Amino acid sequence: MKRFTFLFLIFICLLINFFGITTFAKLSTNVLKEGVYTVADLQVSPENLYNITNVSSTEDAYILVFDENYVILQSLRLSPSIKSFNLVPLQPKNKLVVLGKTEIYIAPRPVK
């Protein structure tokens with residue numbers, strides 16, 4: 001019985017690898033930690049305008065927005081005292097770089 005269970009588990013593992021079953025992590029929220037992000041992965045709409053907020057009360061955040069040719073569109077330093085700041089219009093091919101020991105939050109800009 002032990003041999004059958006062991007062979008069955010190996011068969012299942014090989015079967016999963018054979019069909020290439022993979023999982024993809026998706027961002028479920030717009031709170032971002034330090035890293036490089038593609039705007040298309042952030043699930044933001046190119047028609048909307050967005051604000052960016054530093055979540056931390058003690059650390060600065062440095063934000064860089066690049067276009068598809070790696071030209072800097074916007075460079076920000078968000079101190080904890082800044083409530084929020086307007087981002088340039090984001091396109092799906094843009095890259096967003098977050099630096100610092102903090103988290104940032106991207107939210108749609110309220111319509112006035």
Side-chain angles (χ1 to χ4, degrees):
M1 189 66 177
K2 290 181 185 179
R3 178 183 268 174
F4 173 75
T5 305
F6 181 72
L7 290 175
F8 181 73
L9 289 175
I10 289 176
F11 175 74
I12 293 296
C13 290
L14 291 174
L15 189 64
I16 289 172
N17 286 335
F18 179 73
F19 286 112
I21 298 173
T22 58
T23 59
F24 296 100
K26 294 214 175 192
L27 295 173
S28 61
T29 180
N30 287 342
V31 176
L32 306 174
K33 293 184 178 184
E34 186 174 35
V36 179
Y37 301 91
T38 303
V39 171
D41 295 338
L42 300 178
Q43 302 172 355
V44 295
S45 172
E47 293 86 30
N48 289 345
L49 297 175
Y50 291 90
N51 286 341
I52 192 165
T53 305
N54 185 358
V55 176
S56 174
S57 61
T58 59
E59 297 287 332
D60 289 348
Y62 300 93
I63 314 302
L64 296 167
V65 180
F66 293 95
D67 68 0
E68 63 270 5
N69 297 320
Y70 299 104
V71 175
I72 295 177
L73 299 175
Q74 189 172 21
S75 174
L76 299 171
R77 177 180 173 228
L78 295 176
S79 64
S81 61
I82 296 176
K83 294 289 184 194
S84 67
F85 200 85
N86 296 338
L87 280 175
V88 295
L90 298 174
Q91 300 302 318
K93 292 185 179 181
N94 290 359
K95 302 269 189 222
L96 187 72
V97 178
V98 179
L99 300 171
K101 297 178 184 177
T102 183
E103 294 180 340
I104 61 159
Y105 177 70
I106 298 176
R109 194 177 305 166
V111 179
K112 293 183 180 182

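Treat the numbers as computed from the prediction; the structure is a model and nothing was measured. Every heavy atom of this structure was used, including side-chain atoms; hydrogens, water molecules and symmetry mates were not.
Within the structure, side chain to side chain donor-acceptor pair (under 3.5 Å) pairs that include any residue of residues 93-102 comprise Thr38-Lys95, Asn54-Thr102 (at least two apart or interchain).
Between Pro89 and Pro46, every side-chain heavy-atom pair lies at or beyond the 4.5 Å cut-off. Taking 4.5 Å as the limit, some side-chain heavy atom of Tyr37 sits within range of a side-chain heavy atom of Val98.
Between the CD1 atom of Ile104 and the CD1 atom of Ile106 there is a distance of 4.5 Å, given to the nearest 0.5 Å. For the atom pair Leu73 CG and Leu64 CG, the distance stands at 10.5 Å (nearest 0.5 Å).
With a 6.0 Å radius and a threshold of 12 heavy atoms from other residues, nucleotides or ligands, Phe66 has its CZ atom above the threshold.
Residues forming a side chain to side chain contact (heavy atoms under 4.5 Å, CB included) with Ser45 (at least two apart in sequence, or on another chain): Glu47, Asn48, Tyr50.
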Q: Output, in order, the C-alpha distance, side-chain angles, deciding distance and verdict of side-chain contact (heavy atoms from CB on, under 4.5 Å) for Leu76 and Leu87.
A: CA-CA 9 Å; Leu76 299 171; Leu87 280 175; 4.1 Å; yes

Q | CA sep, side-chain torsions, deciding dist, call: Leu42, Leu96, side-chain contact (heavy atoms from CB on, under 4.5 Å) | A | CA-CA 10 Å; Leu42 300 178; Leu96 187 72; 4.0 Å; yes

Q | Residues Asn86, Leu49; criterion side-chain contact (heavy atoms from CB on, under 4.5 Å); working and verdict | A | CA-CA 8 Å; Asn86 296 338; Leu49 297 175; over 6 Å; no

Q: I would like to know whether Ile52 and Leu78 meet side-chain contact (heavy atoms from CB on, under 4.5 Å); could you show each step before the answer?
A: CA-CA 9 Å; Ile52 192 165; Leu78 295 176; 3.9 Å; yes

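At least one donor-acceptor pair under 3.5 Å links the side chain of Gln74 to the backbone N or O of Val88. A distance-only check finds no donor-acceptor pair linking the side chain of Asn69 to the backbone of Val71 [under 3.5 Å].
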Indicate every side-chain donor-acceptor pair of residues 55-62 with a distance under 3.5 Å to a residue at least two apart or in another chain.
{"residue": "Ser56", "atom": "OG", "partner": "Thr58", "partner atom": "N", "Å": "3.0"}
{"residue": "Ser56", "atom": "OG", "partner": "Glu59", "partner atom": "N", "Å": "3.0"}
{"residue": "Asp60", "atom": "OD2", "partner": "Arg77", "partner atom": "NE", "Å": "3.1"}
{"residue": "Asp60", "atom": "OD2", "partner": "Arg77", "partner atom": "NH2", "Å": "2.6"}

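The hydrophobic cluster containing Val36 also contains Leu99, counting ILVMFWY residues as joined when their side-chain heavy atoms lie under 4.5 angstrom apart, directly or transitively.
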